[in-house]
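The next block holds one structure in the form of structure tokens; read it before the comments.
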Amino acid sequence: MNDPSVRYSLADVAKYNGKNGTKIWIVINDYVYDVTNYLHRHPGGADLLEEYAGRDATNEFDEFGHSSDARKIMKEFLIGELEDEDKRANRKKKQVSSGAIAGETYKQKRRGFLAVLCGKCTS
Ligand code: HEM
């Protein structure tokens, strides 16, 4: 029986990319699915699932507008959840905050540059 309370990191998931006979794991909305046995039953084709093997396919899954039936089928293949560290919300926050840090560094550099200019004016 699968235990969906198990936590995996994105690095763990990446190992299951179907290469060298490994299974195919895919992340959708922070949940990890082992779709190895669903590949050839997937109405969207095995190729698509193989393309996203070992990766997060949330955007693509949503883009294709899966039905509530599809969401029920997914539960069968659920094997776990991403570790908090790797959840989408955290990844987004990190991107925002690194943007903020970059902005701050820019401001500091600009201030430094203006200070040098002012120093030149007064000397
Ligand atoms: C465990 C994961 C998945 C399950 C259980 C699943 C299930 C299904 C089901 C039941 C359909 C038929 C239409 C519907 O009921 O919505 C479908 C269609 C489709 N799926 Fe998935 N899907 C999964 C993941 C994905 C992913 C990751 C992608 C894209 C990367 C994808 C792309 C598509 C496409 C393009 C179709 C439309 C096929 C067509 O209408 O010709 N699916 N899927």
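Counting starts at 1 for both ligands and their atoms, in listed order.
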For [atom], what is the nearest protein heavy atom, given as residue, atom name and distance?
atom: atom 26 (C) of ligand 1; answer: L49 CD2, 3.7 Å
atom: atom 4 (C) of ligand 1; answer: Y38 CE2, 3.6 Å
atom: atom 30 (C) of ligand 1; answer: Y52 CD1, 3.4 Å
atom: atom 32 (C) of ligand 1; answer: F64 CD1, 3.4 Å
atom: atom 41 (O) of ligand 1; answer: P43 O, 4.4 Å
atom: atom 37 (C) of ligand 1; answer: G44 CA, 4.2 Å
atom: atom 3 (C) of ligand 1; answer: F61 CE1, 4.0 Å

Looking at D84 and R7, is any side-chain nitrogen of the basic one under 4.0 Å from a carboxylate oxygen of the acidic one?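 Looking at D84 together with R7, the answer is yes, because their closest N to O distance falls below 4.0 Å.
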
Take T36 and D34 through the side chain to side chain donor-acceptor pair (under 3.5 Å) test and state the conclusion after the steps. CA-CA 6 Å; T36 318; D34 179 346; 2.4 Å; yes

Would you say ligand 1 has an N or O under 3.5 Å from any N or O of H66?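 So ligand 1 has an N or O lying under 3.5 Å from an N or O of H66.
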
Mind checking whether D69 has an N or O less than 3.5 Å away from an N or O of ligand 1?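 Looking only at distances, the answer is no, because the N/O contact criterion of under 3.5 Å is not met.
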
Just checking, any donor-acceptor pair under 3.5 angstrom between side chains of T58 and D56?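 The answer is yes; a qualifying pair exists.
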
Any non-hydrogen protein atom less than 4.0 Å away from atom 13 (C) of ligand 1: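 For atom 13 (C) of ligand 1 the answer is no, since every protein heavy atom stays at 4.0 Å or beyond.
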
Atom 16 (O) of ligand 1: any protein heavy atom closer than 4.0 Å: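 It does; a protein heavy atom is within 4.0 Å.
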
So is F77 in contact with ligand 1, going by heavy-atom distances below 4.0 Å?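 False for this residue.
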
Within this structure, what is the CG-CD distance for the pair L39 and E50, rounded to the nearest 0.5 Å?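 The CD atom of E50 is 5.5 Å from CG of L39, to the nearest 0.5 Å.
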
Output the atom name for the N/O/S atom of H42 with the smallest distance to atom 21 (Fe) of ligand 1.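 The atom in question is NE2.
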
Report the C-alpha distance between N29 and D62 in whole Å, list the side-chain angles of each, state the deciding distance to 0.1 Å, and finish with yes or no for side-chain contact (heavy atoms from CB on, under 4.5 Å). CA-CA 9 Å; N29 287 318; D62 288 345; 4.3 Å; yes

If only atom types and distance count, is the side chain of D86 paired as donor or acceptor with the main-chain N or O of L10 below 3.5 Å?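 Indeed, once roles are kept as given, a pair shorter than 3.5 Å links the two residues.
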
Check whether more than 12 heavy atoms from other residues, nucleotides or ligands sit under 6.0 Å from atom OH of Y38, and answer yes or no.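 Yes - once you tally the heavy atoms of other residues, nucleotides and ligands closer than 6.0 Å, there are more than 12.
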
Min side-chain heavy-atom separation [X]-[Y] under 4.5 Å:
X: V6; Y: E81; value: no
X: L49; Y: D47; value: no
X: E60; Y: E51; value: no

Per atom 27 (C) of ligand 1, closest listed option by heavy atom (S68, G65, A57):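 The option holding the nearest heavy atom is A57.
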
Need the ligand 1 atom indices (1-based, order shown) with element for anything under 4.0 Å from a heavy-atom of [X].
X: V35; value: 1 (C)
X: I73; value: 5 (C), 10 (C)
X: L48; value: 32 (C), 35 (C)
X: E60; value: 29 (C), 30 (C)

Single hit among F77, Y33, Y8 for ring pair (Phe, Tyr, Trp, His ring centres under 6.0 Å) with W25: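 Between W25 and the candidates, ring pair (Phe, Tyr, Trp, His ring centres under 6.0 Å) is satisfied uniquely by Y8.
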
